[in-house]
2 protein chains.
Amino acid sequence: MSDIDVDEEAAALLSTANHRYTTSRKRLVAALQAGEGPLTITQIVEAEKSLPQSTIYRNLTILEEANVVTRIVTNDDFARYELAEHLTEHHHHLICSDCGHVIDFALDAETEALLDKALHQAAEKSGFQVSAHQLDLIGTCASCS
Amino acid sequence: MSDIDVDEEAAALLSTANHRYTTSRKRLVAALQAGEGPLTITQIVEAEKSLPQSTIYRNLTILEEANVVTRIVTNDDFARYELAEHLTEHHHHLICSDCGHVIDFALDAETEALLDKALHQAAEKSGFQVSAHQLDLIGTCASCS
DNA sequence: ATAGTAGTGAGACTCAGTATCATTTTCTCA
DNA sequence: TGAGAAAATGATACTGAGTCTCACTACTAT
Ligand SMILES: [Mn+2]
Ligand SMILES: [Mn+2]
Ligand SMILES: [Zn+2]
Ligand SMILES: [Zn+2]
């Protein structure tokens with residue numbers, strides 16, 4: 001998916017939510033696009049030095065409400081943000097329990113389809129309406145082992 | 001798995017970590033055992049009225065380090081605790097994005113095995129050592145829909 | 001008993017995240 | 001164009017889940 005599409009889609013989603021696609025917000029989207037996985041606030045602050053923290057927090061919240069980005073929480077106390085799956089592709093996370101680093105990965109289509117089917121069946125038993133699933137692998141990353 | 005087993009196993013794990021299985025810790029384990037899913041601190045405080053917050057926090061951290069309990073973070077700002085899988089069975093979570101409630105559920109053995117195989121293969125490509133996986137369904141619970 | 005070690009609990013403290021508000025930017029429409 | 005309305009910004013104050021401290025208490029072993 002090209003840069004132009006992401007920008008257009010982000011603008012459209014924000015517009016639907018009655019928000020503007022300002023420079024700050026463009027820079028946040030660009031920073032997330034450049035990352036190889038979800039980024040912490042600290043990482044974003046470093047990537048976009050001149051954006052003040054309050055603007056980053058406020059805008060990430062707005063971008064999340066507009067479904068442009070997704071907030072991810074792992075066990076290490078720092079929230080992370082990534083582009084929503086509309087703007088990327090469905091994928092999962094490798095989480096290093098040692099250094100906290102998070103990397104994206106994807107399953108092959110067959111496995112993903114099979115999993116989806118099994119999940120919907122399992123959820124039905126509890127009268128639960130599934131809207132998404134989230135699958136993380138916990139372990140040790142290459143540089144920590 | 002019976003109550004006696006859990007208590008014995010918890011005592012053994014704590015002992016390995018050079019900690020005692022005190023009354024406070026027994027009550028925490030019992031409270032988690034009684035829940036139908038992972039519990040927030042607030043829920044534990046209510047279930048075990050006379051345990052002070054500081055003791056609950058401190059002991060849950062110790063129990064986590066000793067692999068007796070697992071800390072779970074969702075997107076709703078409140079950490080949750082449940083018994084570690086050694087003491088229960090491998091399972092997953094239905095998370096209601098509306099009310100925040102978390103319920104346990106399990107996949108059938110075949111699906112679980114297949115998933116495990118696919119995950120290890122995918123992780124290998126990134127030089128990642130998998131030690132566990134975590135699978136959540138996000139959606140709306142029966143009472144919220 | 002006595003000493004040493006582990007656990008307790010009230011309260012102070014930390015810091016990621018949120019709220020506030022005066023100022024600045026952007027949109028709208030005459 | 002230009003004035004007024006609406007939205008965004010950014011410095012700063014505030015909130016609260018979670019952590020730390022420390023005097024005290026409860027075990028445990030000799
Ligand atoms: Mn998937
Ligand atoms: Mn599983
Ligand atoms: Zn690592
Ligand atoms: Zn619900």
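Every heavy atom of this structure was used, including side-chain atoms; hydrogens, water molecules and symmetry mates were not. Letters A, B, ... mirror the listed sequences (proteins, then strands); counts begin at 1. Model, not experiment: these values are computed from the prediction.
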Just N and O in the side chain of B:Thr55: are any of them under 4.0 Å from OP1 or OP2 of C:dG9?
yes
How many whole angstroms separate atom CZ of A:Arg25 from atom C1' of C:dT25?
12 Å
Can you give me the dot-bracket string for DNA chain D, 5' to 3', counting Watson-Crick and G-U wobble pairs with both distances under 3.5 Å, using [ ] for crossing pairs and | for partners on another strand?
||||||||||||||||||||||||||||||
Would you check if there is a donor-acceptor pair between the side chains of A:Glu9 and A:His86 at a distance under 3.5 Å?
no
Give a yes/no on whether any side-chain N or O of B:Thr22 is located under 4.0 angstrom from OP1 or OP2 of C:dT8.
yes
Can you find a side chain N or O atom of A:Tyr57 that sits less than 4.0 Å from OP1 or OP2 on C:dT18?
no
Calculate the interatomic distance between B:Asp76 atom CG and D:dG16 atom C1'; express it in whole Å.
14 Å
For the CD atom on A:Glu85, are there more than 12 heavy atoms of other groups (residues, nucleotides or ligands in this structure) within a distance under 6.0 Å?
yes
Check every strand shown and say whether B:Asn59 touches a base, only sugar-phosphate, or nothing at a heavy-atom separation below 4.0 Å.
sugar-phosphate
Using the rule that two of Ile, Leu, Val, Met, Phe, Trp, Tyr join whenever any of their side-chain heavy atoms come within less than 4.5 Å, decide whether B:Ile95 and B:Leu107 are in one cluster.
no
List, with names and distances, any nitrogen or oxygen atoms from the protein found under 3.5 Å away from nitrogen or oxygen atoms belonging to nucleotides 20-30 of chain D.
none

Measure from the side-chain N and O atoms of B:Thr61 to the backbone N and O of B:Tyr57, and report whether any donor-acceptor pair falls under 3.5 Å.
yes
Find the distance B:Leu51:CG to C:dA10:C1' and express it as a whole number of Å.
15 Å
For A:Arg58 and A:Ser24, test the side chains for any donor-to-acceptor distance below 3.5 angstrom and give the result as yes or no.
no
Between A:Glu82 and the options A:Gln33, A:Arg71, A:His91, the side-chain hydrogen bond (donor to acceptor under 3.5 Å, both in side chains) test singles out A:His91
Does the side chain of A:Ser24 get closer than 4.0 angstrom to OP1 or OP2 of D:dT9 through an N or O atom?
yes
Can you find a side chain N or O atom of B:His19 that sits less than 4.0 Å from OP1 or OP2 on C:dA6?
no
Taking OH from A:Tyr21 and P from D:dT9, how many angstroms apart are they, rounded to a whole number?
12 Å
For A:Pro38 and A:Asp104 the tightest heavy-atom approach is CD-OD1, 3.6 Å
Roughly, in whole Å, what's the span from CD1 in B:Ile44 to P in D:dA17?
14 Å
Provide, to the nearest angstrom, the distance between the CG atom belonging to A:Leu60 and the P atom belonging to C:dA16.
15 Å
Is a donor on one side and an acceptor on the other found under 3.5 Å between the side chain of B:His101 and the backbone of B:Cys99?
no
Using a heavy-atom cut-off of 4.0 Å across all strands, would you classify B:Asp77 as base, sugar-phosphate, or nothing?
sugar-phosphate
Distance in angstrom units between B:Phe78 CZ and C:dG17 C1', rounded:
13 Å
In terms of side-chain heavy atoms, does B:His133 have a donor or acceptor partner in B:His90 at a distance below 3.5 Å?
yes
If hydrophobic clusters are built by linking Ile, Leu, Val, Met, Phe, Trp and Tyr wherever their side-chain heavy atoms come under 4.5 Å apart, do A:Ile72 and A:Ile44 end up in the same one?
no
For the pair made of CD1 in A:Ile56 and P in C:dA19, what is the distance, rounded to whole Å?
18 Å
